[in-house]
Number of protein chains: 2
Amino acid sequence: MRALTPKGAATRQRIVEGAAKLIRDHGPANVGLDDIRAATATSKSQLFHYFPDGKADMLLAVAAHEAELVLDEQQPYLGDLTSWAQWEAWRDRVIARYAAQRRRCPLSALTAQLGLADPAVEGIITGMYSRWQAQIAAGVRAVRPDADAERVATQLIGAITGGATMLVATDDIRYLEIGLTEAIENLRRGAPGAGSSLR
Amino acid sequence: MRALTPKGAATRQRIVEGAAKLIRDHGPANVGLDDIRAATATSKSQLFHYFPDGKADMLLAVAAHEAELVLDEQQPYLGDLTSWAQWEAWRDRVIARYAAQRRRCPLSALTAQLGLADPAVEGIITGMYSRWQAQIAAGVRAVRPDADAERVATQLIGAITGGATMLVATDDIRYLEIGLTEAIENLRRGAPGAGSSLR
DNA sequence: GGCAGTTTGGACCGCACAGTCCAATCCATG
DNA sequence: CATGGATTGGACTGTGCGGTCCAAACTGCC
């Protein structure tokens, strides 16, 4: 694993992506190493060659991969929330993405399976959220310099996460639509956090 | 199971509560039937006597039990959101409850384990949310008759769920605090939904 | 007190599935 | 073309754990 030829790297990548697809479709609990082996045209020894610590190691790589995707799919809007039009486009993209995915949220399924106790899992998740939040906060500063950008970003992340969780739980996209829309509208109307009357 | 003497009912209850505690502490994936057996002073045959469909059946009962608790622990405030003081008290209760629980959210762990595909699981979850939402909506009507109560209730449920999810993911209570506080404050300020400028 | 149903004990089974092992093959480098 | 390391194939192992089974012990009822 320390020395890794191009061929090896390709195989490893193939495993991660194949496993990711399988897990997205069937859930991590219903995917065994043999399924992954079959789907990626690999052998048992390859799996353990590239992921010496076994399945948990592999799922970790898959989780990291999925976390990347979450942010990538919000681009280019997320990285450039400098106008209300961009905010709208971003919102629509997020909603469309989750509407397409519906109940299949690979990341939540994966983390539930792996357990947040594992520091490596926690690192992936908190890393993703902190990058996400930073980009949103930058957007808030661009359109509402008077707002408490961190607070608003926290609120937005919470609204999206809540919408996504409710989507998985109830197969209803409205929680995300309403939560995200209201939060943005709230920001647009005033400057919550900074001059707000609360606490 | 159709005929169930008082003694039998007590045993069944003991199993559910014992399993619930175990699962709260260790997560459903780390709790086997033997653990439950040991913790509840029962035998294998009792487990299958009271839950003929096996472990899934049992976890379902545990999930239903936990869902009840979620709502119960918000009382009496949730059922009587007729003044802003009650709203504040409710908010504080919710935050305190999750702050105490921290990352251990038995319901999310359980549903992740069981899979939302199962209609019985979905029924428990959607039932809980719809009762929850109905009580919130009633409260909205009491303090803001001009607002779109259903929309606001949806937003609030989303904010709480998001806060809870982020709490589990990052062990940070601020998402819940900020999300819930902002949503209530937003409601207090105006009448979102009804006269809002958005869609 | 005897009968039918419920409740309980615990040995036993089966298998899915993660993980191991060793031999075969590829490939870069000198 | 020789050599060492990376890569690959696939049979094999071990076991954790959900689930089955039957017999024993209660419990209520006529």
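Because the structure is a prediction, the values reported are computed rather than measured. The figures that follow rest on heavy atoms only: side chains count, while hydrogens, waters and symmetry mates do not. Per chain, numbering begins at 1; letters A, B, ... match sequence-line order.
One can place CZ of B/R12 at 15 Å from P of C/dT6, the figure rounded to the nearest angstrom. Counting to the nearest Å, the P atom of D/dG19 and the CG atom of B/D53 are 9 Å from each other. For A/I15 and D/dG9, the CD1 to P distance is 10 Å, given to the nearest whole Å. Atom CG of A/D57 and atom C1' of C/dA18 are 14 Å apart (whole Å). Between A/L22 atom CG and C/dC17 atom P there is a gap of 12 Å when expressed in whole angstrom units. Rounded to an integer number of Å, the gap from CZ of B/R14 to C1' of C/dT7 is 11 Å.
Counting only N and O atoms by type, the side chains of B/R91 and B/T181 include a donor and acceptor under 3.5 Å apart.
Out of D/dC21, C/dA18, D/dG10, the shortest distance to the side chain of B/S45 is found at D/dC21. Relative to the side chain of B/H49, the nucleotides C/dT20, D/dT8, C/dT6 differ in distance, and C/dT6 lies closest. Counting only heavy atoms from C-beta on, B/F48 has its side chain closest to D/dG18 among C/dG19, D/dG18, C/dG9. Minimum atom distance to the side chain of A/K44 is reached by C/dT20, of the listed D/dT20, C/dT20, C/dT8.
Between B/H26 and B/K21, the closest side-chain pair of non-hydrogen atoms is not below 4.5 Å.
Within the 4.0 Å cut-off from OP1 or OP2 of C/dG5, not a single side-chain nitrogen or oxygen of B/T5 is found. Remark: B/Y50 is in phosphate contact with C/dT8, judged by side-chain N or O atoms under 4.0 Å from OP1 or OP2. Taking side-chain N and O atoms only, B/Q46 has a distance below 4.0 Å to OP1 or OP2 of C/dT8.
When all heavy atoms are compared, the tightest approach of B/L187 to B/R144 is O-NE, 3.3 Å. Across A/A29 and A/Q113, no two heavy atoms sit closer than the pair CB-OE1, 4.0 Å.
In this structure, the side chain of B/R102 does not engage the main chain of B/V168 through any donor-acceptor pair within 3.5 Å. Side chain of A/R104 to backbone of A/D25: a donor-acceptor contact under 3.5 angstrom is found.
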| query | Between B/Y50 and B/T42, is a side chain to side chain contact (heavy atoms under 4.5 Å, CB included) present by the stated rule, with each step listed? | reply | CA-CA 11 Å; B/Y50 295 107; B/T42 51; over 6 Å; no
Could you run down the sub-3.5 Å N/O contacts of the protein with nucleotides 24-30 of chain C?
none

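Residues satisfying the side-chain contact (heavy atoms from CB on, under 4.5 Å) criterion with B/T161, sequence neighbours excluded, are A/T165, A/M166, B/Y129, B/I157, B/T165.
A salt bridge is defined here as a Lys NZ or Arg NE, NH1 or NH2 lying under 4.0 Å from an Asp or Glu carboxylate O, and A/E88 with A/R188 meets this definition.
Within residues 27-37 of chain B, the residues having any heavy atom under 4.0 Å from DNA chain D are, by residue number, B/G32, B/L33.
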